[in-house]
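Note sheet for the following structure.
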Amino acid sequence: MTRSLTLAHLYPDHMNIYGDRGNLITLVQRCRWRNITLRVQPVTVGASVDWSDFDLAFFGGGQDSGQALIADDFLRRQGEGVARAIEDGLVMLAICGGYQLLGHYFLTHTGERLPGVGVLDIHTIGGKNRLIGNTVLALHTPFPAATAAPSPSSACPAGTSYLVGFENHSGRTYHGARVAALGHIITGYGDNREDGKGGAVYRNTIGCYLHGSLLPKNPHLADHLLTLALQRRYGPSTALPLLEALDDTLEWQAHWTMVERLLKRVAKKRGERERTHP
Amino acid sequence: MTHPRTLFAIALGKAAIVLSRALHLGGGTHVPGTLARSIAPNILHTLTAALPQGVVLLSGTNGKTTTTRMIADILRGAHRRVLHNRAGANLVSGLTATALAASNLAGRVQADMGLFETDEAALPQAVRETCPRLVLIHNLFRDQLDRYGEVDTLAQTWLQSLRHLPPTSTVLLNADDPAVAFLGTDLPAPVWYYGLDDTRHAAGAAAHTADSQFCRRCGTRYDYSAAFYGHVGHYVCPACGHRRPQPQVRLVRLDLHGTEGSHLHIVYPDGELAFFLPLPGLYNAINALAATAAGLALGIAPAPIHTALEHFSAAFGRIERVQAGPGGSPMLIALIKNPVGASETVRMLTDSAALTGTMLHTLVAINDRYADGTDVSWLWDAEFEPLAALLARATVSGTRAEDMAVRLKYGGVPPERIAVEPDLPRAIDTALATLPPGATLFVLPTYTAMLELRENLSHRGWVRPFWEA
């Protein structure tokens, strides 16, 4: 059986900062290596699309000017369709600006309230300084990772799945009751620097602030999204193995190199604190 | 009469330069400047104000070091004594250290004019402190977003800074980069433009790395009749009509000859120049065009411009050929540091491989130290895909070797052709050991990886230390 999926890429012209297109390259290649056809359809300003055609969607971050240019189009033209599709189980990954636009609103630090689609129970408040740096978050629900290599050393506790990425945002995003946190921050700032939450999950939609790009170094998340999309298209009880294992040696090397480097730094800081405040 | 406090700062700064060189702390390009400025904050102004022929500042994302060196060679060929931050220390502290090194203890700088490559974020302060007679802005691309912030924010800061230049200064801008050309709008200072008129080098649609493909005035997407790379090309806004200005200095014909170099034919209001530039790639030709325009704007005759560019050799790591010891393999080193620059370097390598029918052997060294940018997301905005069909072997190294390996794999390079060796000296050995006889090793390092490479090659006796280069 040939499997095929269709992905909506929201505003690739404007929302394409910090290498977020690496996420798309990753999804395309991991499908190609498994003989899954992944059709990518760009959704640009002024486009009219039927959201029920899509299995997956990707919405990246942009420059402030880029986000301002597309926000209105997104709300007016795509907002209702996207919201309905997300309620209906559309598999979506939204990073940074894309994540913010799915929430209720963005309150800028000058007090202007910019509306979002409101399908995610989150809101964002603009900060003056940017939160920038490498970040590791521990997933609350580890993805079933058939291809996951074991951690190469004892520095990383077994049985926990991490995501590693790079955040660069001034918005502080706060969660309401109708979203679950994707994970909690081990190192970095997270969604708002206050409550340790990193990313939000609602139905099959995941939003977070992780650039890096996110998916190339986190193949378990890439495969999780593809699994959800295949389940949605072909039914959950299919007898076929949904996703074949790939040789992810290089991907996991990249993943664990950064996770270990960052966790060691955390452990070192903790050690210093304990020595000065026993 | 120089203020005693300034004299003390000069003496201290000069001592720091001598000390840091003696202790091998890297040539004394940063600390002495910072030290002297903490005592006499005006010291850069004081030292440069006395230069009889003024100061030239050059900024932009890519090509700063190479273009500034070209201008320095042109000026020297025209018998000007040039104060130049040749080692590439381009923050205000580095400019200060450069001036200190050339100054005597009385604060007199032994030079006719100052020529400074200037960090993008440092440009406004450098403009304030040096009152330049010429400011050249070369291009503006996405680079180290963790440090510089977004491209649009930087363009705004530059615009504010240029508006303060008096009519006695000149601003020289790249007409083909809309983010840069737009800076020439309504300035008190006169503006010159340079540009590439040979549209045979158009690569098709503006690439996804294009940051400024939307009209600077009204936000509509530009129509490109020719797109050279990134957002650089011939553009016009279909809504408000904002378009590429007509340049005064035009590269009317450009013929690229693989990794050897290029033939350039440049036309300007009073004449024309044709020469062979012994540096490969489209972007180096544009660098030479900018240097020519700067020379002409400074009143230099065409003959010394011609001579300097025909004999130009690049700074270490910016396209440099090194031999791996006596009788050893040739290595060609090309710094990569941001998406547009890396994509253009890849294009230069693949064009040349296609031309000669050979496969490429590369060593890519990616670091994520502060000077490189701590975010390596940019690797995913760069086009490594053209390498897939032409790459015989890639050794990847640096603190982010693994990220680079994944980038190449997803760019279509079979994993068995990728060797991961984070330790740079070992990676050099690995890459050379697998290199077939007669083949060239193409080394693509980020900035700090390039410095490490230089140190290691200097240790092996293959090159000189960077502050002597």
Side-chain angles (χ1 to χ4, degrees), chain A residues 12-14 16-30 32-33 42 44-45 60-70 95 130 132-134 164-168 170 210-219 222 246-258 261, chain B residues 142 144-147 149-156 205-216 218-221 338-339 366 368 373-385 388 396 399-416 418-420 422:
Chain A
D13 299 336
H14 294 88
N16 63 3
I17 209 167
Y18 308 118
D20 280 349
R21 79 182 191 116
N23 296 316
L24 215 62
I25 296 172
T26 303
L27 292 173
V28 168
Q29 292 289 52
R30 294 182 77 79
R32 178 178 299 159
W33 294 332
T44 51
V45 171
Q63 298 200 54
D64 291 345
S65 62
Q67 197 166 328
L69 276 167
I70 61 99
I95 312 279
R130 294 187 79 85
I132 302 174
N134 287 299
V164 59
F166 193 96
E167 57 186 327
N168 190 341
S170 58
L210 271 62
H211 304 285
S213 303
L214 176 59
L215 295 185
K217 271 201 300 289
N218 296 285
L246 297 172
D247 179 353
D248 286 332
T249 312
L250 290 175
E251 289 86 339
W252 287 113
Q253 257 180 21
H255 177 89
W256 286 117
T257 301
M258 279 314 285
R261 194 216 283 191
Chain B
R142 189 178 288 193
Q144 301 185 23
L145 294 154
D146 55 323
R147 259 175 81 199
E150 295 174 354
V151 163
D152 294 339
T153 317
L154 197 56
Q156 275 308 315
H208 64 90
T209 39
D211 293 304
S212 303
Q213 46 182 324
F214 297 95
C215 178
R216 308 303 295 178
C218 74
T220 310
R221 179 196 279 277
N338 51 39
I366 305 296
D368 66 349
T374 55
D375 182 9
V376 294
S377 297
W378 66 271
L379 294 175
W380 294 90
D381 281 329
E383 290 280 347
F384 290 101
E385 279 72 7
V396 293
T399 54
R400 289 300 195 109
E402 294 86 356
D403 278 85
M404 190 61 218
V406 173
R407 179 66 190 95
L408 288 177
K409 178 181 171 182
Y410 281 85
V413 178
E416 60 273 15
I418 305 168
V420 183

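What's counted below: heavy atoms across the whole structure, side chains too, no hydrogens, waters or symmetry copies.
- Residues B:Thr399 and B:Ile366 have side chains not in contact (no heavy-atom distance under 4.5 Å, counting atoms from C-beta outward).
- Side-chain contact between A:Trp256 and B:Glu402 is absent, with no heavy-atom pair separated by less than 4.5 Å.
- Counted by atom type alone, A:Asp20 and A:His211 present one or more donor-acceptor pairs between their side chains at under 3.5 Å.
- In this structure, the portions of A:Ser213 lying under 4.5 Å from any heavy atom of chain B include both its backbone and its side chain.
- Interface remark: B:Leu379 contributes no atoms to any contact with chain A (heavy atom separation under 4.5 Å).
- The shortest distance between side-chain heavy atoms of A:Glu251 and B:Lys409 falls below 4.5 Å.
- Nearest heavy atom pair, residue A:Gly62 against residue A:Gln67, reads O-OE1, 4.4 Å.
- Residue contact with chain B, scored on non-hydrogen atoms closer than 4.5 Å, involves the side chain of A:Arg261 exclusively.
- Contacts between A:Ile25 and chain B at a heavy-atom distance below 4.5 Å involve backbone atoms as well as side-chain atoms.
- Highest contact tally toward chain B, considering only A:Thr26, A:Asn23, A:Val28, A:Asp247, is held by A:Thr26 [criterion: heavy-atom pairs under 4.5 Å].
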